[in-house]
Amino acid sequence: MHFSKLFIPTLKESPADAEVISHKLMVRAGMIRQLASGIYSILPLGLRVLRKVEQIIREEMNQIGGQEVFLPSIQPAELWMESKRWDFYGKELLRIKDRHNREFCYGPTHEEVITDIVRREIKSYRQLPVILYQIQTKFRDEVRPRFGIMRGREFMMKDAYSFHADEEDTRHTYSQMAKAYSNIFKRCGLDFKQVQADSGTIGGSFSHEFAVLADSGEDDIGFCESCGYASNLELAGSKPPAASTPPAAPQDLKEVETPGKKSVEEVAGFLNLPARQIVKTIILENENGLVAGLVRGDHEINPVKLKNLIGCEWLLPAGEEAISRHPGLHCGYVGPVGLDLPVYADHEIFALHDFVTGANKPSAHFTGVQVERDFKVKQFGDLRTVKVGDPCPHCEEGKYQVKRGIEVGHIFILGTKYSSLMKAVYLDQQGKESAMVMGCYGIGVGRTAAAAIEQNHDDRGIVWPLNLAPFQVIIIPVNYSDDEVKNACDTIYDRLQEIGIDSLLDDRADRLGVKLKDADLIGIPLQIIIGPKNLSAGQIEIKIRKTNESELRPYPQVIEDIPGILKGL
RNA sequence: CGGGAUGUAGCGCAGUCUGGUAGCGUACCUGCUUCGGGAGUAGGGGGUCGGAGGUUCAAAUCCUCUCAUCCCGACCA
């Protein structure tokens, strides 16, 4: 392509509304423009990058037997009512009506549609398994879209769905998917981790997230550097406590006055005890009412873990108002002793003796509290959020590190959640009818490109990984109106086209500085700079975007070296 | 949805407090010079000051409503 013919509106200054570097650079590089909040137009340079990501995805999906389809973006409400998500999905689901006043939504995901297709067409175990995928525009009406294309409302996503006769076969495909995802993100040049994840509203039993490590990420990823275990922090496992011997003479339960001492710090300071001797009692609310969660004073309760332990539909911290409505609860003085709510306790509590809790009356705490003797726990479990430095639950000596991550991919085993509700069934060898077991697997295409920029940029602009670069090579004439220079540029350009290397020839009449700044900004991995002085000495300049290193090479011999130079990048 | 902020030329901003002919930088067009890291110079085009209503002799500026965008939080994944 010739630069003068391409629509690449680059900008010197960052737009005022951009916060993260990838957003700023994508706008400055002329890749995207905002149309409305969270809705972006993709310009030619941006589209080239997205197509590169898509192509890598297609190759890896096809490799494991995925078949590409293209499903409607507008979906009828009936389907969502069948899966019970019409009511459950909430305001994120963009609902629309047609001229007959029939209800539809703009698809935020496609489990319903794909399940509908498969249940109509697939009847026998002989037709299973099947893996279908698409690359589609989705819409999720996020409360607060941000970070440009990284978290828009409208976005491009690859979503794949697999259907199986049993769980074991699903797991097989799941692990193939995990491998394919690793391949994809590796080919995209990303530094990522496969982490254990919660399945959220998509539902299902088993799930991993692919997170690109970057400070601008919205997820906290906990991982162990010795054994490689990694998990979304919201469900990263904590190591169970070592068995502790109870003291020979446990203290008696004793009530102490603690006026105005509500927080763990205040109580610990007042009683001159470490925070770990205090037990925090957190009141949460789910569809069945209030429950109490216990964690050590120096720990934080993790509602996601507690929700999973209880197995309830939803669970949120109860507000002060809900707490004060319940007789016997006093904010800041809540404790498990004599509490008429189900009590769930973190496993650390099991190893604790002679601790302090609220006394369920204003301005008082108990000391010398013992589990079992003074109160009953409905269930113990791993209920706390792990922190940097906590011991890894999967190896002996490892400790948790925590970094921010951008979720670029997510894979789930859905089980029969959708197939049973929507009657996607097949007949097995015995002629018995069963619900198909499903998996679902998503990749944010635009987000992957944005994440690549978050990880690969410098103060001059984007530094594209070779496989995502909109062009692999940019040819920059110092002066394209010079016949010798033009001739050399055209020769190189034509030759690169012949051997299948995508290159961009900056034929604009601008000064060299302008062209170099733009080349740096848009991040083409290899720059070839051709000027009359060097050329008359039989040389041209080759410059690596990433390292900013340049060297003179003999022309025209250098042309045939270019594929090799690119390979080395 | 709660808290905060901002809408003035394509982009980045000043002007608003204290009402009085709409400005700067950049980008764009033309001429001349320049030409290996965002040139210099002279000239030029481009604005319903987000929208509606109000106060006033007079509103970008004051008042009311409204729309949009962004930030923090909650939410989502």
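Just so we're on the same page: letters track the sequence lines, and every chain starts at 1. None of the values given here were measured: they were computed from a predicted structure.
Across all strands shown, A/Arg33 has no heavy atoms under 4.0 Å from either base or sugar-phosphate atoms. Among the heavy atoms of the strands, none lies under 4.0 Å from A/Pro9.
Comparing B/U66 with B/C72, their C1' atoms are spaced 24 Å from each other, to the whole Å. B/A9 sits 23 Å from B/G19 when the C1' atoms are compared, rounded to a whole Å. Taking atom C1' on both nucleotides, B/A59 is separated from B/C75 by 41 Å, rounded to a whole Å. Taking the C1' atom of each, B/C71 and B/U64 are spaced 26 Å apart, rounded to whole Å. With C1' as the reference atom, B/C11 and B/G54 are 34 Å apart, rounded to whole Å. Distance noted for atom C1' between B/U61 and B/C17: 9 Å (whole Å). Annotation: B/A74 and B/C63 have their C1' atoms spaced 34 Å apart (nearest Å). Across the P atoms, B/G7 and B/C49 are found 15 Å apart, a figure rounded to whole Å.
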message: Test salt bridge (charged side-chain N to carboxylate O under 4.0 Å, His left out) on A/Asp506 and A/Lys515; report intermediate values, then the result.
response: CA-CA 7 Å; A/Asp506 196 345; A/Lys515 291 185 272 197; 5.4 Å; no
- prompt: Could you go step by step and tell me if A/Glu218 and A/Arg151 meet the salt bridge (charged side-chain N to carboxylate O under 4.0 Å, His left out) rule?
  reply: CA-CA 10 Å; A/Glu218 296 185 88; A/Arg151 183 159 169 193; 2.7 Å; yes
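Using Watson-Crick or G-U wobble geometry with both donor-acceptor distances under 3.5 Å, B/G19 finds no partner in any strand shown. Using the Watson-Crick or G-U wobble rule with both distances under 3.5 Å, B/U48 pairs with nothing in any strand shown. Figure legend. B/A74 is base-paired to no nucleotide; pairs are counted as Watson-Crick or G-U wobble with both atom distances under 3.5 Å. With both pairing distances under 3.5 Å, B/U26 is matched to B/G10 as a Watson-Crick or G-U wobble pair. Base pairing analysis places B/A39 opposite B/U33; the two distances defining the Watson-Crick or G-U wobble pair are each below 3.5 Å. Across all strands shown, B/U55 remains unpaired; no Watson-Crick or G-U wobble contact has both distances below 3.5 Å.
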List the atom pairs, with distances to 0.1 Å, where a side-chain N or O of residues 530-538 of chain A and a protein N or O form a donor-acceptor pair under 3.5 Å, not counting sequence neighbours.
{"residue": "A/Ser536", "atom": "OG", "partner": "A/Pro532", "partner atom": "O", "Å": "3.3"}
{"residue": "A/Ser536", "atom": "OG", "partner": "A/Lys533", "partner atom": "O", "Å": "2.7"}

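For A/Ser550, the side chain to side chain donor-acceptor pair (under 3.5 Å) test picks out A/Glu541, with sequence neighbours left out. In this structure A/Tyr480 satisfies the side chain to side chain donor-acceptor pair (under 3.5 Å) test together with A/Asp490, sequence neighbours excluded. For A/Ser238, the side chain to side chain donor-acceptor pair (under 3.5 Å) partners are A/His347, A/Asp382, not counting sequence neighbours. In this structure, A/Tyr106 has no ring-ring contact (aromatic ring centres under 6.0 Å, His included) partners at least two apart in sequence or on a different chain. Scored by the ring-ring contact (aromatic ring centres under 6.0 Å, His included) test, A/Trp80 finds A/Tyr89 as partners (sequence neighbours excluded). Evaluation of the side-chain contact (heavy atoms from CB on, under 4.5 Å) rule for A/Ile21 yields A/Leu25, A/Glu454, A/His457 as partners, not counting sequence neighbours.
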For nucleotides 39-43 of chain B, which of its nitrogen or oxygen atoms have a protein nitrogen or oxygen under 3.5 Å away, and what is each distance?
{"residue": "B/A39", "atom": "OP2", "partner": "A/Arg511", "partner atom": "NE", "Å": "3.2"}
{"residue": "B/A39", "atom": "N9", "partner": "A/Arg511", "partner atom": "NH1", "Å": "3.3"}

Under 3.5 Å, N/O pairs linking protein and nucleotides 24-31 of chain B:
{"residue": "B/G25", "atom": "N2", "partner": "A/Glu13", "partner atom": "OE1", "Å": "3.4"}
{"residue": "B/U26", "atom": "O3'", "partner": "A/Lys12", "partner atom": "NZ", "Å": "3.4"}
{"residue": "B/A27", "atom": "OP1", "partner": "A/Lys12", "partner atom": "NZ", "Å": "3.3"}

At a cut-off of 3.5 Å, list every protein nitrogen or oxygen paired with a nitrogen or oxygen from nucleotides 70-74 of chain B, distance to 0.1 Å.
{"residue": "B/C70", "atom": "OP2", "partner": "A/Ser37", "partner atom": "OG", "Å": "2.9"}
{"residue": "B/C71", "atom": "OP2", "partner": "A/Arg144", "partner atom": "NH1", "Å": "3.1"}
{"residue": "B/C72", "atom": "OP2", "partner": "A/Arg144", "partner atom": "NH1", "Å": "3.3"}
{"residue": "B/C72", "atom": "OP2", "partner": "A/Arg144", "partner atom": "NH2", "Å": "2.4"}

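Atom CG in A/Asp482 sits roughly 12 Å away from atom P in B/G36 (whole-Å rounding). With rounding to whole Å, A/Glu92 atom CD is found 14 Å from B/C1 atom C1'. The nearest whole Å value for the distance from the NZ atom in A/Lys517 to the P atom in B/G36 is 15 Å. For the pair A/Leu516 CG and B/C35 P, the computed distance is 17 Å after rounding to whole Å. For the pair A/Asp459 CG and B/G38 P, the interatomic distance rounds to 15 Å; values are reported in whole Å. As rounded to whole Å, 13 Å separates atom C1' of B/U69 from atom CG of A/Leu35. Computed from coordinates, the A/Tyr480 OH to B/G36 C1' distance equals 18 Å when rounded to whole Å. Taking atom CG of A/Asp506 as the reference point, atom P of B/G36 lies 15 Å away to the nearest angstrom.
Aromatic rings from A/His410 and A/Phe412 are positioned such that their centres are separated by under 6.0 Å. Between A/Tyr441 and A/Tyr181, the gap from one ring centroid to the other reaches at least 6.0 Å.
Of the residues in residues 153-163 of chain A, none lies under 4.0 Å from RNA chain B by heavy-atom distance.
Nearer the 5' end of RNA chain B, as judged by each residue's closest nucleotide, is the contact made by A/Pro532, out of A/Pro532 and A/Arg447.
A side-chain donor from one of A/Ser83 and A/Glu112 sits under 3.5 Å from a side-chain acceptor of the other.
A salt bridge links A/Asp518 with A/Arg508: at least one charged nitrogen is closer than 4.0 Å to a carboxylate oxygen.
Taken to the nearest 0.5 Å, the NZ atom of A/Lys417 stands 12.5 Å off from the CE atom of A/Met422.
Between A/Ile221 and the options A/Glu209, A/Gln401, A/Glu407, a side chain to side chain contact (heavy atoms under 4.5 Å, CB included) holds for only A/Glu209.
The ring-ring contact (aromatic ring centres under 6.0 Å, His included) contacts involving residues 19-49 of chain A comprise A/His23-A/Tyr40, where partners must be two or more places apart or lie in separate chains.
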